[in-house]
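Remarks on the structure that follows.
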Amino acid sequence: MAFRFVHTADIHLDSPLRSLALRNPELGELIGNATRRAFVNVVDLCLSEQVDALLLAGDLYDGDQTSMKTARFLAEQIRRLDQAGIRVFIIRGNHDALSKVTRELTYPETVKVYGGRAEAISIDLGDRATPVVVHGLSFAQAQCPESLVGKFKARVDGAVNIALLHTSLAGTPGHDSYAPCNLSDLEAAEFDYWALGHIHKRFVSTGRCTIVMPGMPQGRDINESGPKSVSLVTIADDRTVHVEEKFTGIAQFERVVVDLSGIENWRDMATAPQRGYWRLRGKLQVPNILSPGFLSPAQHRLLGNSGTTLILSRPRPRTGHPLLVAPG
């Protein structure tokens with residue numbers, strides 16, 4: 001029988017959404033709890049798909065999180081998974097390596113939080129044909145400049161081997177270097193699936209093994225734009241791996257690009273952002289779209305709280321000519 005799990009990372013629970021758009025009180029009220037609501041979506045997905053496990057590959061919290069409100073929220077979501085018999089495997093990354101909540105919160109037996117030494121946990125699957133082993137290793141400190149791949153336990157022969165690692169890989173613009181490694185390093189370990197975290201952009205490699213950086217379930221500002229998701233993974237008894245992207249975001253950030261080339265008068269320039277907005281609107285499958293520059297407070301209220309909300313940043317002009325200035 002296949003082993004199925006949800007893989008996510010970089011949830012940054014209760015991290016504030018940092019977009020300038022959130023200076024609008026109505027927007028702040030609407031999506032202020034977006035990271036929590038996205039995590040609820042992740043748990044809902046686990047329950048609806050009846051998976052065997054949830055894998056959290058680092059940065060569950062954002063910094064040295066001490067809020068007991070966050071702890072109570074997480075405990076409730078873990079309880080839902082525990083009652084459904086769904087195992088949870090957690091490693092700590094650079095943002096939550098020193099988190100007091102992770103260290104002090106009492107988890108049920110169905111939850112495994114890996115420490116600073118590598119462990120390989122066998123999962124009791126009853127009479128299923130192929131055993132499963134989940135390898136993990138947490139950051140001991142917030143900084144981790146050396147590779148951790150060589151510290152993992154060896155693969156277990158005859159089992160499906162899954163490993164959790166928080167890593168910047170070979171380096172990505174906009175991200176500091178943490179537990180750096182190459183894809184070839186990961187493939188050499190001969191695990192079936194690497195559940196990665198740290199980089200906030202989705203990446204999937206299906207070479208000698210399956211390597212997945214799931215991105216993050218909820219973006220927090222315009223630099224984390226686009227739809228956000230997790231991975232629903234199925235590993236068959238013959239070790240074939242199927243990875244499916246599942247969208248979880250509550251608020252989606254997008255930029256409106258405004259092309260001002262060929263515009264010669266103020267009136268046309270003033271209406272160009274609206275035209276850019278509607279062009280983008282027609283391309284996206286998002287139930288609710290908020291654009292503070294274009295929609296009135298009454299329109300914001302009419303959108304309500306259901307579905308995914310798109311936050312559009314202030315339009316950026318794209319032209320080789322100086323931007324026109326309205327007469328004073």
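Along the sequence shown, the residues carry numbers beginning at 1.
- Taking both residues in full, the closest heavy atoms of Phe152 and His135 are given as CD2-CB, 3.9 Å, listed atom of the first, atom of the second, then distance.
- Residues Leu56 and Leu47 are members of one and the same hydrophobic cluster, defined by side-chain heavy-atom contacts under 4.5 angstrom among Ile, Leu, Val, Met, Phe, Trp and Tyr.
- Rounded to the nearest 0.5 Å, atoms CG (Asn41) and CD (Gln218) are 9.0 Å apart.
- When atom types are taken as modelled, the side chain of His7 and the backbone of Leu196 share a donor-acceptor pair closer than 3.5 angstrom.
- Of all the heavy atoms in Glu49 and Leu232, the pair that sits closest is CD-CD2, 3.7 Å.
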Problem - side-chain hydrogen bond (donor to acceptor under 3.5 Å, both in side chains) between Ser231 and Arg202, intermediate numbers included - result: CA-CA 10 Å; Ser231 293; Arg202 185 175 177 81; 2.9 Å; yes

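- Put simply, the side chain of Leu183 does not reach to within 4.5 Å of the side chain of Trp194, judged on heavy atoms.
- No chain of hydrophobic side-chain contacts below 4.5 Å, direct or via other Ile, Leu, Val, Met, Phe, Trp or Tyr residues, connects Val111 to Val132.
- Taking a cutoff of 4.0 Å between a charged side-chain nitrogen and a carboxylate oxygen, Arg36 and Asp14 qualify as a salt bridge.
- Of the possible polar contacts, one joining the Asp192 side chain to the Asn161 backbone as a donor-acceptor pair under 3.5 Å is found.
- Note that OG of Ser184 is 8.5 Å distant from CZ of Arg208, once rounded to the nearest 0.5 Å.
- Closest approach of Pro227 to Glu254, counting heavy atoms only: CD-OE2, 4.1 Å.
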Handout entry: Residue pair Phe39, Leu74: steps toward the side-chain contact (heavy atoms from CB on, under 4.5 Å) verdict
Key = CA-CA 9 Å; Phe39 189 66; Leu74 179 61; 3.8 Å; yes

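- At least one side-chain heavy atom of Leu54 sits under 4.5 Å from a side-chain heavy atom of Val42.
- Each of Ile123, Leu81, Leu55, Val51 was compared with Arg87 under the side-chain contact (heavy atoms from CB on, under 4.5 Å) criterion, and only Ile123 meets it.
- Taking a 6.0 Å sphere around NZ of Lys153, one finds it holds 12 or fewer heavy atoms contributed by other residues, nucleotides or ligands.
- In this structure, Val6 is a member of the same hydrophobic cluster as Val88, with clusters built from ILVMFWY side-chain heavy atoms closer than 4.5 Å.
- Using a 30° and 60° split on the angle between ring planes, Phe139 and His166 fall in the perpendicular class, above 60°.
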Handout entry: Steps toward ring pair (Phe, Tyr, Trp, His ring centres under 6.0 Å) verdict (Phe89, Phe5)
Key = CA-CA 10 Å; Phe89 297 88; Phe5 59 91; 9.3 Å; no

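- At distances below 3.5 Å, at least one donor-acceptor pair connects side-chain atoms of Arg155 with backbone N or O atoms of Glu190.
- Note that the CD1 atom of Ile211 and the CG atom of Leu169 stand 8.0 Å from one another [nearest 0.5 Å].
- Side-chain contact between Ile86 and Thr110 is absent, with no heavy-atom pair separated by less than 4.5 Å.
- Atom CG of Leu186 is separated from atom OG1 of Thr210 by 12.0 Å, given to the nearest 0.5 angstrom.
- Checked for salt-bridge contact, Arg80 and Asp82 miss the test: no charged N lies under 4.0 Å from a carboxylate O.
- The two atoms that bring Pro217 and Val230 nearest to each other are CB-CG1, 4.1 Å, heavy atoms only.
- A 4.5 Å side-chain heavy-atom check between Lys201 and Phe203 finds every atom pair outside the cut-off.
- The distance from atom OG1 of Thr35 to atom NZ of Lys228, rounded to the nearest 0.5 Å, is 14.0 Å.
- You'll find the side chain of Val241 stays beyond 4.5 Å of the side chain of Thr206, heavy atoms only.
- Within the 3.5 Å criterion, the main-chain N or O of Tyr114 finds a donor-acceptor partner in the side chain of Ser138.
- Lys69 forms no cation-pi arrangement with Phe73, by the criterion of a distance under 6.0 Å to the ring centre and an angle within 45° of the ring axis.
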Exercise for the section: List the steps and the verdict of side-chain contact (heavy atoms from CB on, under 4.5 Å) for Tyr193 and Val233. Expected result: CA-CA 10 Å; Tyr193 184 95; Val233 184; 3.5 Å; yes

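- When all heavy atoms of Ser168 and Pro180 are compared, the closest pair comes out as OG-CA, 4.2 Å.
- Residues His200 and His12 have side chains in contact (heavy-atom distance under 4.5 Å, counting atoms from C-beta outward).
- Ala2 approaches Asp237 most closely through the heavy-atom pair N-OD1, 4.4 Å.
- Under a hydrophobic-cluster definition in which Ile, Leu, Val, Met, Phe, Trp and Tyr are linked whenever side-chain heavy atoms come within less than 4.5 Å, directly or via other members, Phe191 and Val134 are assigned to different clusters.
- Side chains of Glu187 and Asn182 form no contact here, defined as non-hydrogen atoms less than 4.5 Å apart.
- Of the inter-residue distances, the one linking Leu164 atom CG with Ile121 atom CD1 reads 11.0 Å to the nearest 0.5 angstrom.
- Distance alone, capped at 3.5 Å, is enough to place a donor-acceptor pair between the Arg239 side chain and the Ala159 backbone.
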Handout entry: Residue pair Val133, Ser122: steps toward the side-chain contact (heavy atoms from CB on, under 4.5 Å) verdict
Key = CA-CA 4 Å; Val133 177; Ser122 297; 3.7 Å; yes

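- Hydrophobic clustering (side-chain heavy atoms under 4.5 Å, transitive across Ile, Leu, Val, Met, Phe, Trp, Tyr) keeps Ile11 apart from Met216.
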